[in-house]
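The first residue of the sequence shown is numbered 1, and numbering continues consecutively from there.
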Amino acid sequence: MKYVLMFLVLLQSGFSYSQVRDFDGNTYDTVAIGNQVWLKQYIRSKHNSEGIAVKAQNYKPVNGDEKLVEKYGYLYNFDGYTSGETTHRIHGICPEGYRIPSRSEIHELMLYLKADTTWLWKGAYNNVGLNLQDTSWGTGTNTTGMSLLPSGLAVPTNNPMFSNFGSITDFPLIDGVELLEVNVSENNDQVILLKYDINFFKSTYFSCKCIKASSTAVGDINKFKDINILYPNPSNNLISLDKSMNEPYTLYNMNGQMIKKGYLIFGKLNVQELNSGIYLLQVRYKESRRTFKIEKL
């Protein structure tokens with residue numbers, strides 16, 4: 001059974017901030033760099049956090065080898081890592097509370113790391129690439145704790161399809177309608193932003209790096225965390241959350257299949273039509289989400 005358990009907060013030393021689980025149960029470490037929090041590992045889930053499966057044609061194992069997935073994650077094309085979202089801030093394949101980074105967030109990270117921006121007009125940040133690379137690259141220092149790995153790409157026009165494993169990493173950025181990739185390569189202290197059209201991103205498979213969503217005010221998040229447990233629970237009629245919550249929800253069975261979705265009406269969910277059993281109720285509040293276990297009698 002798949003539980004949508006999102007955060008296991010573990011106090012750790014160094015850069016570690018917490019651990020996060022995706023829908024498939026994979027665990028990711030996080031790293032705090034300045035005001036940002038990133039997942040250290042690349043995504044290796046076959047479902048987004050709502051339990052919707054990524055189609056098989058939209059992801060591939062790194063270098064075509066499933067044995068590499070545990071360490072390097074999967075490579076995803078545009079449809080795979082966006083999960084069909086078209087909003088400004090794409091949650092996509094990222095675990096709960098995280099999303100695809102934007103160009104402005106990469107720029108903020110580069111400035112925090114004191115990157116040389118002399119050649120930014122060409123999309124290049126200098127004197128920073130090695131700080132992001134895991135030490136397994138040989139020249140990487142990983143002083144940031146970002147732990148980028150050389151996962152390469154999958155490009156259909158290449159023969160063979162997989163290329164640059166062991167020497168290059170690329171991950172996508174989405175900022176409104178602008179699509180870019182971040183490129184870091186072996187023995188190179190640059191971070192380069194490359195811009196292509198949508199067709200390139202739909203046909204090319206990248207590693208996926210996720211950043212913690214930060215646009216929800218702290219007060220809003222705390223308010224959401226303080227919501228009382230649903231009542232009555234179990235129930236055969238209405239289950240109430242909070243009278244002020246007119247928020248979108250999604251209901252799943254314990255196999256992770258979506259049963260229904262809609263909006264809470266004054267915090268009330270009608271469960272009369274459901275079969276008896278246990279369900280997972282996910283409620284969104286701005287960029288924050290919470291999942292509750294409910295029981296229909």
Side-chain angles (χ1 to χ4, degrees), residues 15 17-18 20 28 30-43 48-49 76-133 143-148 168-185 188-198 200-202 204 206-221 284-289:
F15 291 101
Y17 180 80
S18 65
V20 178
Y28 305 89
T30 63
V31 57
I33 308 175
N35 294 321
Q36 298 176 338
V37 177
W38 292 79
L39 295 188
K40 293 180 69 172
Q41 291 85 14
Y42 294 127
I43 299 301
N48 67 18
S49 68
Y76 301 87
N77 64 10
F78 179 83
D79 293 327
Y81 60 77
T82 63
S83 298
E85 290 185 54
T86 57
T87 57
H88 183 66
R89 299 299 190 203
I90 302 294
H91 177 265
I93 193 64
C94 295
E96 183 65 31
Y98 285 75
R99 54 178 166 76
I100 306 298
S102 67
R103 180 175 188 168
S104 61
E105 286 164 332
I106 284 291
H107 185 66
E108 178 185 342
L109 175 65
M110 295 296 101
L111 294 182
Y112 176 80
L113 298 176
K114 299 185 178 358
D116 177 0
T117 58
T118 303
W119 296 97
L120 186 56
W121 61 280
K122 286 188 174 183
Y125 296 91
N126 294 324
N127 304 329
V128 70
L130 301 182
N131 298 336
L132 302 172
Q133 295 176 19
T143 56
T144 59
M146 181 73 88
S147 304
L148 295 185
I168 285 179
T169 188
D170 296 81
F171 59 90
L173 303 177
I174 300 180
D175 206 346
V177 296
E178 187 171 45
L179 303 173
L180 303 101
E181 66 171 275
V182 175
N183 174 269
V184 179
S185 56
N188 193 328
D189 208 15
Q190 285 186 322
V191 171
I192 303 174
L193 303 187
L194 301 172
K195 186 174 182 178
Y196 299 100
D197 63 27
I198 185 64
F200 174 82
F201 287 94
K202 281 184 172 290
T204 304
F206 299 92
S207 295
C208 189
K209 200 78 172 172
C210 298
I211 188 171
K212 186 177 177 66
S214 58
S215 62
T216 304
V218 172
D220 290 334
I221 293 175
R284 300 186 186 185
Y285 182 68
K286 297 186 178 180
E287 285 199 34
S288 184
R289 307 183 192 192

Pair C210-C94, disulfide (SG to SG under 2.5 Å): steps then yes or no: CA-CA 6 Å; C210 298; C94 295; 2.1 Å; yes
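- The shortest side-chain heavy-atom distance between P95 and I43 falls under the 4.5 Å cut-off.
- Residue Q41 comes nearest to Y28 through the heavy atom pair OE1-CA, 3.3 Å, listed as atom of the first residue, atom of the second, then distance.
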List the steps, then state whether side-chain contact (heavy atoms from CB on, under 4.5 Å) holds for T169 with Y42. CA-CA 11 Å; T169 188; Y42 294 127; 2.5 Å; yes
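- D116 CG to D189 CG: the interatomic distance, rounded to the nearest 0.5 Å, is 10.0 Å.
- With values rounded to the nearest 0.5 angstrom, L130 atom CG is found 7.5 Å from N188 atom CG.
- The minimum heavy-atom distance linking N48 with G92 is given by the pair CB-O, 3.4 Å.
- With hydrogens and angles ignored, the 3.5 Å screen pairs no side-chain donor or acceptor of N126 with any backbone N or O of Q190.
- Applying the side chain to side chain contact (heavy atoms under 4.5 Å, CB included) test between V191 and each of N127, L148, L132 identifies L132 as the sole match.
- Residues F78 and I174 are in side-chain contact: their nearest non-hydrogen atoms beyond the backbone lie under 4.5 Å apart.
- Side-chain contact between Y81 and I90 is absent, with no heavy atoms from C-beta onward closer than 4.5 Å.
- Distance check: L194 CG to Y196 OH gives 4.5 Å after rounding to the nearest 0.5 Å.
- The backbone N or O of I100 sits nowhere less than 3.5 Å from a side-chain atom of K209 that would complete a donor-acceptor pair.
- Taking 4.5 Å as the limit, every side-chain heavy atom of Y76 sits out of range of all side-chain heavy atoms of P172.
- Between S102 and L173 the shortest heavy-atom distance is O-CD2, 4.0 Å.
- Although no hydrogens or angles enter the test, the distance criterion places no donor-acceptor pair under 3.5 Å between the side chain of N131 and the main chain of T143.
- Note: H107 and Y125 have tilted aromatic rings, judged against thresholds of 30 and 60 degrees for the angle between ring planes.
- Under the 4.5 Å side-chain criterion, counting only non-hydrogen atoms from C-beta, I33 is in contact with L113.
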What verdict does the side-chain contact (heavy atoms from CB on, under 4.5 Å) test give for R99 and E105, after you've listed the backbone C-alpha separation in whole Å, the side-chain angles of each residue and the deciding distance to 0.1 Å? CA-CA 11 Å; R99 54 178 166 76; E105 286 164 332; 3.0 Å; yes
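- S147 has its side chain out of reach of V31: every pair of non-hydrogen atoms, C-beta onward, lies at least 4.5 Å apart.
- Contact annotation: the side chain of L109 approaches that of Q36 to within less than 4.5 Å [non-hydrogen atoms, C-beta and beyond].
- In this structure, the side chains of V128 and M110 come closer than 4.5 Å at one or more pairs of heavy atoms.
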Kindly indicate, with the supporting measurements, whether the criterion side-chain contact (heavy atoms from CB on, under 4.5 Å) is fulfilled by E108 and N35. CA-CA 9 Å; E108 178 185 342; N35 294 321; 4.1 Å; yes
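- Minimum heavy-atom separation, G129 to V184: O-CG1, 4.1 Å.
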